[in-house]
**Q** 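Here's a structure for you.
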There are 2 protein chains.
Amino acid sequence: MAADTRVLEDLRAAILRGEFAPRQRLVEAELCEQFDASRFSVRAALQALEADGLVERQRNVGARIREIGIEEAVEISEVRQVVEGLIARRAAERANDAEAEGLAAIGREMHAAVAAGEVAEYSDLNARLHASLREIARHEKANDIIARLHGQMVRHQFALSRQPGRSKVSVWQHQAIIDAVVARDGDAAEAAMRAHIASVIEALRAIR
Amino acid sequence: MAADTRVLEDLRAAILRGEFAPRQRLVEAELCEQFDASRFSVRAALQALEADGLVERQRNVGARIREIGIEEAVEISEVRQVVEGLIARRAAERANDAEAEGLAAIGREMHAAVAAGEVAEYSDLNARLHASLREIARHEKANDIIARLHGQMVRHQFALSRQPGRSKVSVWQHQAIIDAVVARDGDAAEAAMRAHIASVIEALRAIR
DNA sequence: TCGCGGAGTATTGTCGACAATATTGTCGAT
DNA sequence: ATCGACAATATTGTCGACAATACTCCGCGA
C-alpha cells in the first residue's frame with residue numbers, strides 16, 4: 001500500500017514539527033534510511049514538498065529546507081490577510097446558529113486562557129478559531145491556499161506565539177471577528193479579520 | 001539536458017493551449033511517444049501538473065485532465081478577486097510615473113480596440129493590463145497564486161472573451177482601475193479591481 | 001436474459017543499477 | 001602561500017525491467 005504517500009506525510013509532518021533546520025540539506029539516501037523507504041518514494045515526496053514551497057531543489061545538487069525570511073513571511077501574511085478576509089466574510093454569510101455558538105464558545109475559552117496566562121492553550125484555541133471559520137466558510141479554493149501558506153509560516157507562527165503580551169492584544173481582535181460572524185455581518189467580519197492580520201504583520205516586522 | 005523539465009513545459013503548454021479535453025485520460029505510454037520522452041520524465045511532469053491543479057491522478061488508475069466546473073471557476077474567481085485586489089492596491093502604492101503612463105497607454109489602446117470591434121486584440125490587452133499590474137505590484141506570493149489560478153481558468157477565460165458585448169462593459173471597469181493607480185489611490189484601486197472581477201463572476205454564472 | 005466469477009489485458013507502481021553531474025580534496029607550479 | 005587543474009567522491013538523474021493493480025470481456029450457471 002501507498003509507500004510514497006506514507007513517506008510524503010511523514011516527511012511533511014517532520015518538517016512542520018520543525019525537525020529540520022532552515023537550509024538544511026535533505027540527502028535522499030539519508031531520508032531513505034530515516035523513513036525506511038526507497039529512493040523512489042523519497043524523491044516523489046521531495047518533489048511534492050517542493051510544490052508545497054517547503055523544500056527547494058537545485059538540479060544535480062539536491063534538496064534543502066526552504067528558508068522563509070521575514071520579508072517573505074510578511075508577503076505570505078499579506079496574502080493571508082485578504083484570503084482569510086474572504087473566508088471570514090463567507091463564514092458570516094453562511095454560519096448557522098450552532099456554528100455561531102461554537103465560535104462564541106471559542107471566544108470565551110480564549111478570554112479564560114488569557115486571564116489564566118495559558119499561552120499554549122491560547123495558541124491552540126487560535127488555531128481552532130481559524131479552522132472553524134474555514135470550515136464554516138466552505139470555500140475549497142481559499143482553504144487550500146491558506147493551508148499551503150500556513151505550512152510555510154509555521155516557524156514564524158511559533159515565534160509569534162512566544163511573544164509576550166501578544167495574546168492580550170489579539171484576543172480582542174479575535175472577539176471582533178467572532179462578533180461580526182455572530183451578527184452575520186460580512187463586511188465587518190472581513191474588516192475585523194484584516195485588522196487582526198495587519199497586527200500580525202506588525203508583530204512579524206518587530207521580531208527581527 | 002533537463003529532459004523532464006522540457007516535458008513538463010511542453011505538456012503544460014499543450015494543456016493550456018487546450019489540446020486536451022477535460023477529463024481526457026493521460027496515459028503515460030502515449031505521452032512518452034507524443035513527447036518523445038521516457039516514462040520517468042512523463043511521470044515527473046504529471047506529478048508537477050497535479051500540484052498545479054491541472055491534472056488529477058488516482059492511484060493505480062492514472063491521470064486525467066481536471067475538469068473545472070462553473071462552481072469551481074466561481075470559487076477561483078472569488079479568490080482572484082481579493083488577491084488581485086491586493087495587487088491593484090500595491091500597484092497604486094508603488095507605481096512610478098513611467099509605469100503609470102504605461103497603464104494609461106494600455107487603457108487608450110483598449111478603448112480603440114473596443115471601438116474597432118477587435119475582440120482578440122482586446123483580450124490580449126486585457127492580459128497585458130493584468131500582467132503590468134502584477135509587475136508593478138512586485139508581490140511574489142500574490143503573483144504565484146494568481147499564476148496558478150489563471151492556469152486552471154484558461155478554458156473559462158476563453159469562453160468569457162467570446163461573450164458578445166462583454167468588452168464594452170469591462171473596458172470602463174479596466175479604466176477605473178487604471179485611473180485609481182494613476183491617482184495612486186490604493187483603496188480605489190482595490191475597490192475597482194474587486195468590482196471588475198465581481199462582474200466577471202456574474203458573467204461566469206451566466207454562461208451555463 | 002441476467003448476474004457472477006475469472007482469465008487476459010492494459011496501465012500504473014516500484015525498484016535496483018548505472019550514468020551524469022557537482023562538490024571536495026590533492027597536488028604541483030608560480 | 002595561493003591559485004589552478006585534475007582526480008576522487010558524493011549525490012542526484014535516468015532508464016528499463018518487473019510487480020502489482022485495475023479494467024475488460026468472455027463464458028457459465030441460474
Side-chain angles (χ1 to χ4, degrees), chain A residues 1-68 151-152, chain B residues 1-68 151-152:
Chain A
M1 162 309 231
D4 53 0
T5 304
R6 182 184 61 78
V7 176
L8 173 57
E9 286 174 7
D10 287 359
L11 182 52
R12 169 182 282 130
I15 294 175
L16 260 34
R17 239 178 291 122
E19 290 183 17
F20 298 92
R23 301 202 48 83
Q24 177 175 341
R25 287 195 59 188
L26 299 173
V27 178
E28 295 180 359
E30 290 174 8
L31 297 175
C32 290
E33 214 180 326
Q34 187 171 345
F35 293 98
D36 189 44
S38 69
R39 263 189 75 203
F40 181 86
S41 307
V42 169
R43 209 156 223 297
L46 287 175
Q47 199 187 331
L49 290 170
E50 183 183 27
D52 278 357
L54 293 174
V55 164
E56 64 186 353
R57 298 168 77 194
Q58 279 180 62
R59 189 182 177 74
N60 290 318
V61 175
R64 51 183 45 193
I65 301 288
R66 258 196 66 198
E67 172 161 49
I68 281 135
Q152 303 175 5
Chain B
M1 113 60 161
D4 53 0
T5 304
R6 183 185 59 79
V7 176
L8 173 57
E9 287 174 7
D10 286 359
L11 182 51
R12 170 184 281 131
I15 294 175
L16 260 35
R17 238 178 293 121
E19 288 182 16
F20 299 92
R23 299 199 53 82
Q24 177 176 340
R25 287 195 56 186
L26 298 173
V27 177
E28 295 181 0
E30 290 174 6
L31 297 175
C32 289
E33 216 180 325
Q34 186 171 346
F35 293 98
D36 189 42
S38 70
R39 261 188 74 200
F40 180 88
S41 308
V42 169
R43 277 178 82 77
L46 288 175
Q47 200 187 331
L49 290 169
E50 182 182 27
D52 278 357
L54 259 40
V55 314
E56 61 186 353
R57 299 170 76 194
Q58 280 180 61
R59 189 179 178 75
N60 290 319
V61 174
R64 51 184 44 193
I65 301 289
R66 258 196 66 197
E67 172 161 50
I68 282 134
Q152 303 176 3

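All values below come from the heavy atoms of this structure, side chains included, with hydrogens, waters and symmetry mates left out. Chain letters run A, B, ... following the sequence lines, proteins first and then strands; every chain starts at 1.
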**Q** Enumerate the residues from residues 28-48 of chain B whose closest heavy atom to DNA chain D is under 4.0 Å, giving them by residue number; use none for an empty result.
**A**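 The answer is B/Ser38, B/Phe40, B/Ser41.
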**Q** Measuring only between side-chain heavy atoms, which start at C-beta, is A/Leu31 closer than 4.5 Å to A/Val7?
**A** no
**Q** Which whole-number value in Å describes the distance from A/Arg57 CZ to D/dT11 C1'?
**A**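 A/Arg57 atom CZ is separated from D/dT11 atom C1' by 12 Å.
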**Q** Round to a whole Å and report the spacing from CG of A/Asp4 to C1' of C/dT14.
**A**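 Taking atom C1' of C/dT14 as the reference, CG of A/Asp4 is at 9 Å.
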**Q** Let me know the distance between CG of A/Asn60 and P of D/dT11, rounded to the nearest Å.
**A** 14 Å
**Q** Any non-hydrogen side-chain atom of B/Leu54 less than 4.5 Å from a side-chain atom of B/Phe20?
**A** no
**Q** Check for a donor-acceptor pair, side chain of A/Arg66 on one end and backbone N or O of A/Gly53 on the other, with a separation under 3.5 Å.
**A** yes
**Q** Looking at the side chain of A/Arg25, which of C/dT11, C/dA22, D/dT12 is the nearest nucleotide?
**A**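 Taking heavy atoms from C-beta onward, the closest nucleotide is D/dT12.
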**Q** Would a distance-only check, ignoring hydrogens and angles, find a side-chain to backbone donor-acceptor pair under 3.5 Å from B/Glu28 to B/Arg43?
**A** no
**Q** Is any side-chain heavy atom of A/Val42 less than 4.5 Å from a side-chain heavy atom of A/Phe35?
**A** no
**Q** Do A/Arg6 and A/Asp36 sit within salt-bridge range, that is, some charged N less than 4.0 Å from a carboxylate O?
**A**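 The answer is no: the pair does not qualify as a salt bridge.
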**Q** In whole angstrom, give the distance that lies between atom CD of B/Glu50 and atom C1' of C/dG13.
**A** 14 Å
**Q** From CZ of B/Arg59 over to P of C/dG13, roughly how many Å is that when rounded to an integer?
**A** 7 Å
